[in-house]
Amino acid sequence: MKIFNTLSGKKEDFIPIRNGRVGIYACGVTVYDLCHVGHARSAIVFDTIKRYLSYAGYHVDFIRNFTDIDDKIIKRAKEEAIAWDEVSAKYIDEYYRDMDMLGVDRATVEPKATEHIAEIIDIIKGLIEKGYAYNINGDVFFEVERFKEYGKLSKKVIEDLESGARVEVDDRKKSPLDFALWKSSKEGEPMWESPWGYGRPGWHIECTAMSMKYLGETFDIHGGGADLVFPHHENELAQSEAYTGKPFVNYWVHNGFITIDKEKMSKSLGNFFTIREILQEFDPEVLRVFLLSSHYRSPLEFSRQQLEQSEASVDRYYSTLERVEEFLRLDQPDGKKHYDDKKLTDTIATLPTQFVDAMNDDFNTAIAIGAVFELIREINRYLDQKPRGQQASDLVQRSMTVLQEVCNVLNIFQKTVPQWNHSLMATKKLPLTINQIEDFIAKRQKARVEKDFVTADSIRKTLEVSGILLEDKPGKTSWRVKI
RNA sequence: GGCGGCGUACCCAAGCGGUAAGGGAGAGGUCUGCAAAAUCUUUAUGCGCCGGUUCGAAUCCGGCCGCCGCCUCCA
């Protein structure tokens, strides 16, 4: 298995520290607002990586944190005139609502910064003792100059950073690059007791404390969005390695951004869509398929048109599934006739290998999904021959089993056909109920029997205008939501 | 200014040294009372431009053009 490591800038063979086990720490969210599509991408990417590693046979310890204390949370609390911890509790709930919809599993442990103050204080103490940090009136800073390898993750040179520093300079710091490990709290702000007075942790230190607590001083994979490389992960790395004297993380994995009109989707630019907004118009699987259709490190342009294209491809999956289910429901008198099943048999045989090869190459979900659709085409081709008999039935059944095995790992295409249709009816806001649609179909069927094709066609047209397409099949007429 | 990335058909997107996956859209055929779905054919002798290396290059090297990201909170 190969993984692209931000630290080396290359794909590397993945060798876990402990045989058969993998420790992953993914930076979660700061809970002060609803999540947007960019958060969804990161969550889905690492969820998929975790799922694949489990599938590949590893025991995975997956840690995803909540930053539940920070300036933005405090600001939000003031704006809404509620307690800071009400803000974080509320948005943790909202986070789960979104992630459950998107099929993002809970992590093994989901630690919160505020529940690890003791561990954080211990590490800061240690850093002061080792001469890597200094206390100025209750604020403790990490002294970047003392950590000689600073910049190795983000490939930055300390001197360049200093000269180009746009950072608001705190005169008390020895260098503008020094960052806060502990911040003294002002009146009315949340605070915890510490050897340096009442205060709260800086942003980066929580991840050091929590990852080490749950995964050890050196662990396998640390992930997050590409915007966390600097300064967050660079600082985390510096303080962690300064503290332990050991390598902190073996593989740094960063996902690319979501863009809108080529620009990064972000809060500050205001060009973002919340997950919730998108899910009003599209099924969660559509968003998940969309996000996994390109490689996790590539920038991904987000637009309605893109989602509609993904929606169409998801629909292709489900219409094939429907077709397969109808086929399997048929009586299967053993047919003697030979059908050409070589290509289908071959494709079934190669899919698992293709999938594993793709995912082993830096988690190439785009190829994995492509392989799924190759099998979809072969299934349709096979079914076009109208095969009969137990052998045909078994072959088709087997193809679905293989397909589901792969899709389970990606956590896509997990619905039933009726669930998919209902979801489409809801997201497309169709004006008709299922009963109304079936009434129309019955009326049309009567007309068809009477060869009154004018009436039949006009009913077809009426439904189509409302977003329903009819499909006449032997024995019955079924309907589908128009994409 | 420093560092990094990207540019593949009408749209999206894989491929990263061996002769262009997959999805969507369009056109035509098969099937159908008509449709839809499915399927077939078709849409890049071509992978931003110009050179170079190589038996062979989207793929490696050099230069140029265009776009974007990080350097400040950010997934």
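Naming: A, B, ... by sequence-line order, numbering from 1 per chain. Computed over heavy atoms, backbone and side chain alike; hydrogens, waters and symmetry mates excluded. Here the structure is a predicted model, which means the values were calculated and not measured.
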Just how far, in rounded Å, is [atom2] of [N] from [atom1] of [X]?
X	N	atom1	atom2	result
A:Phe273	B:A75	CZ	C1'	17 Å
A:Lys262	B:G5	NZ	P	18 Å
A:Leu292	B:A14	CG	P	12 Å
A:Ile483	B:A25	CD1	P	10 Å
A:Leu383	B:C31	CG	P	19 Å
A:Phe440	B:A36	CZ	P	20 Å
A:Lys152	B:C3	NZ	P	21 Å
A:Leu321	B:A38	CG	C1'	15 Å

Does a side-chain N or O from A:Arg316 land closer than 4.0 Å to OP1 or OP2 of B:A38, or not?
yes
Between A:Lys264 and B:C70, does any side-chain N or O lie under 4.0 Å from OP1 or OP2?
yes
Taking every heavy atom of A:Tyr52 against every heavy atom of A:Met1, the minimum-distance pair comes out as CE2-CE, 3.6 Å
Check for me: is A:Phe453 stacked on B:G33 by the 5.5 Å centroid and 30° plane-angle rule?
yes
May I ask you to check if A:Lys343 and A:Tyr382 form a cation-pi contact, with NZ or CZ under 6.0 angstrom from the six-membered ring centre and within 45° of the axis?
no
Establish whether the base of [N] is bridged to the side chain of [X] by a donor-acceptor pair shorter than 3.5 Å.
X	N	value
A:Arg444	B:G33	yes
A:Gln309	B:G23	yes
A:Asn364	B:G15	no
A:Arg460	B:A35	yes
A:Asp472	B:C34	yes

Among the candidates B:U39, B:A36, B:A75, find the nucleotide nearest to the side-chain atoms of A:Arg377.
B:U39
Heavy atoms from C-beta onward define the side chain here; which of B:A36, B:C11, B:G22 lies closest to that of A:Glu471?
B:A36
Determine which nucleotide pairs with [N], using a 3.5 Å limit on both distances of a Watson-Crick or G-U wobble pair.
N	result
B:G66	B:C6
B:C60	B:G52
B:A27	B:U41
B:U19	none
B:G1	B:C71

Ring centroid separation for A:Phe66 and A:Tyr95, is it under 6.0 angstrom?
yes
Please confirm whether the ring centroid of A:Phe248 lies under 6.0 Å from the ring centroid of A:Phe219.
yes
Salt bridge A:Asp472-A:Arg444, side-chain N to carboxylate O under 4.0 Å
yes
Test of understanding: with salt bridge (Lys or Arg N to Asp or Glu O under 4.0 Å), list the residues that count as partners of A:Glu464, not counting sequence neighbours.
A:Lys482
Using the glycosidic torsion, which applies to B:A25: syn (within 90° of 0) or anti (everything else)?
anti
